[in-house]
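The structure appears right after this line, and notes come after that.
Naming: A, B, ... by sequence-line order, numbering from 1 per chain. Not measured: the values here are computed from a predicted model.
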Amino acid sequence: MSAKKPFYITTTLPYVNAEPHIGHAMEFIRADIIARSKRLSGFDVFFNTGTDEHGVKVYQKAQQLNLAPQVYVDQAAAKFKEILPVLGMSSDINFIRTTDPHHIKSAQAFWQTVQKNGEKAKDGPYIYKKNYSVKYCVGCELEKTDSELVNGRCTLHPLQELEIIQEENYFFKFSAFQDTLLKLYVDRPDFVIPSTRLHEIHAFVERGLQDFSISRLATKMPWGVPVPGDETQVMYVWFDALVDYISAIGWPDDEVAGVSQNGAFKKWWTETGGVVQYCGKDNLRQQSAMWQAMLMAAGLTPSKTIVINGFVTGEGGVKMSKSLGNVVNPLDVVREYGTDALRYYVAREISPFEDSPFTLEKFKEAYNANLANGIGNLTSRIMKMAEANIQPDSVNPILAVEFIEALDHYDIKTACDFVWAKITALDVTIQKEEPFKKLKVEETKGAALKLIEELVKGLAEVALHLEAILPETALKIQECIKANKVPVAPLFMRK
RNA sequence: CGCGGGGUAGAGCAACGGUAGCUCGUCAGGCUCAUAACCUGAAGAUUGACGGUUCGAUUCCGUCCCCCGCAACCA
């Protein structure tokens, strides 16, 4: 029997249409920092990630590569799974794929539940069939959304008239949930973080909601979860993918996974007050409005919190793109600087909620200043004095309230600032008190030894706070302290 | 009048009614325990523009200019 309180956090499942990029890395790392810090504070943590594998883009990509969709997504999912340890993700992270059989069953059960609830509801039905008109560019041989068009025309084929294709799809009665969503936003000011994003979604919902299509004709696009009771349609990818947040924890309990989940859903959804969802700002609507309405329609309580990240941009705030050549591959960064260096950068040097530029020059600067010259050098200088002059002693640091508070608000940068303020304070103390000098004089030697013990204590405190942020580094420092030795190699080599 | 965010030292950010702070970079000095690291100090900003409120505005209000996302059935 564990008395630990449960906590559930998830990343957005990356869509496997693209390779893992720095934005994914940032989201993974930030969610991992929260997960680790919650464990440090004594919570029982379920940490979820995975891959979103259905939908038209994936289907097309597989066709381009001349691969069966399943073969393509297997390869793509493997790539995402491989980078988790490279980014220092908690080893007990759950990895769900939307092509997992238990997820597919869960998504279908979700559909049926929404359908059934809608039949009884006075504002139902929640799922109904309707003609859906698609704008189709013959030149591209592709469906186009309004946002892709300029003056109602395809930008690549401006002389071609767009064809309007009528298709019968299932729709979700999003509009029925407007009031309930607005009430959710008003009642829970922390539902979406930061608050500007809550205002944004509130304003969006207030303007009125349109029901959205949640299925596609299987003859045109077969790569999706089959709609229960209608083989001619597959689910629209969002309707399937978002369900992963509950399918991952066994919803709707035992019959889905085929094995007993021991009340996993109750524990991770009900007792936690819902999931904490990390996502990019482009996902604001899907995660904080559409998904919440879907949960309501299924008779489930909303998520706990949606944390919205900004985008990682290139220099000058421009979008990263292959054609501009300003794309940064997280794996290259890790290869050159190490996992913890990347974790440091996305935790502290990139704005917690706004767009921020990422350049290798800035990265190197921050690395040298705060890792090599900062925590790395500090560890060396303290441990050198300790090794030569004092005996190893046990230290039991505790987490600072300010640190925990900052993380409770998902303000990872402020939490890091707190730790680095401590690092600077230790450097200042050494300079001001000059224990290295006092050691050489008989009258002051005792004071110097005491001071060195204090410095080691301070270093241990820093290490404890770094456990969530830079787990490898924290461990190395703790081992040095325990053995009372200088690091065998510099923690962070200057670059 | 579509929605939201932003314009603050060379760069990246903070503050948000009362002498404009931080990090990096630059310059000078100090220290030698340490990874040519560390510490101290200095230079550097008419806080996008113009009005208004106020004893006082970067901070509140109005107008304007510029930048970036989004504008739903593209993930």
In Watson-Crick or G-U wobble terms, both distances under 3.5 Å, what is the partner of [N]?
N      : value
A72(B) : none
U58(B) : none
A42(B) : U26(B)
C64(B) : G48(B)

Looking only at the side chain of [X] (C-beta and beyond, no hydrogens), which of the listed nucleotides [options] gets closest?
X         : options                : value
Phe171(A) : A75(B), C73(B), C39(B) : C73(B)
Pro357(A) : U40(B), G12(B), C33(B) : G12(B)
Glu200(A) : C24(B), C31(B), G4(B)  : G4(B)
Lys384(A) : C33(B), A75(B), C39(B) : C33(B)
Phe311(A) : G69(B), C38(B), C13(B) : G69(B)
Asn377(A) : A34(B), G5(B), A75(B)  : A34(B)
Asp355(A) : G12(B), A72(B), C68(B) : C68(B)
Asn373(A) : A34(B), C38(B), U32(B) : C38(B)
Phe436(A) : A72(B), C3(B), C31(B)  : C31(B)
Lys437(A) : U32(B), A72(B), C3(B)  : U32(B)

Item to check | Heavy-atom donor-acceptor pair, Gln210(A) side-chain to C73(B) base, under 3.5 Å | outcome: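 Checked by distance alone, the answer is yes.
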Item to check | d(CZ, Arg494(A); P, A36(B)) in whole Å | outcome: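 Computing the Arg494(A):CZ to A36(B):P distance gives 8 Å.
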Quantified in whole Å, what is the [atom1] atom distance between nucleotide [N] and nucleotide [M]?
N      : M      : atom1 : answer
G48(B) : A75(B) : C1'   : 36 Å
U59(B) : C16(B) : C1'   : 4 Å
A45(B) : G52(B) : P     : 27 Å

Item to check | Trp291(A) and Gln277(A) side chains, donor-acceptor separation under 3.5 Å | outcome: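 Trp291(A) and Gln277(A) do have a side-chain donor-acceptor pair below 3.5 Å.
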Next on the checklist: Any base atoms under 4.0 Å from Lys440(A), or only sugar-phosphate, or nothing? Heavy atoms, all strands.
Outcome noted: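 Lys440(A): backbone/sugar contact only, no base atoms under 4.0 Å.
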Checklist entry - Do we count Phe212(A) as stacking onto C73(B) if the rule is ring centres under 5.5 Å and planes under 30°? => result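 Stacking between Phe212(A) and C73(B): absent.
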Next on the checklist: What's the separation between atom NZ in Lys432(A) and atom CG in Asp427(A), rounded to the nearest 0.5 Å?
Outcome noted: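 Interatomic distance, Lys432(A) NZ to Asp427(A) CG, rounded to 0.5 Å: 11.5 Å.
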Next on the checklist: To the nearest 0.5 Å, what is the distance between CD1 on Ile412(A) and CE on Met26(A)?
Outcome noted: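 Going from the CD1 atom of Ile412(A) to the CE atom of Met26(A) covers 9.5 Å.
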Item to check | Geometric cation-pi criterion, Lys57(A) with Tyr15(A): 6.0 Å, 45° | outcome: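 Lys57(A) over Tyr15(A) ring: no.
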Item to check | Residue of the set Asp74(A), Asp240(A), Asp244(A) for which salt bridge (charged side-chain N to carboxylate O under 4.0 Å, His left out) holds with Arg97(A) | outcome: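 With Arg97(A) as partner, Asp74(A), Asp240(A), Asp244(A) yield a single salt bridge (charged side-chain N to carboxylate O under 4.0 Å, His left out), made by Asp74(A).
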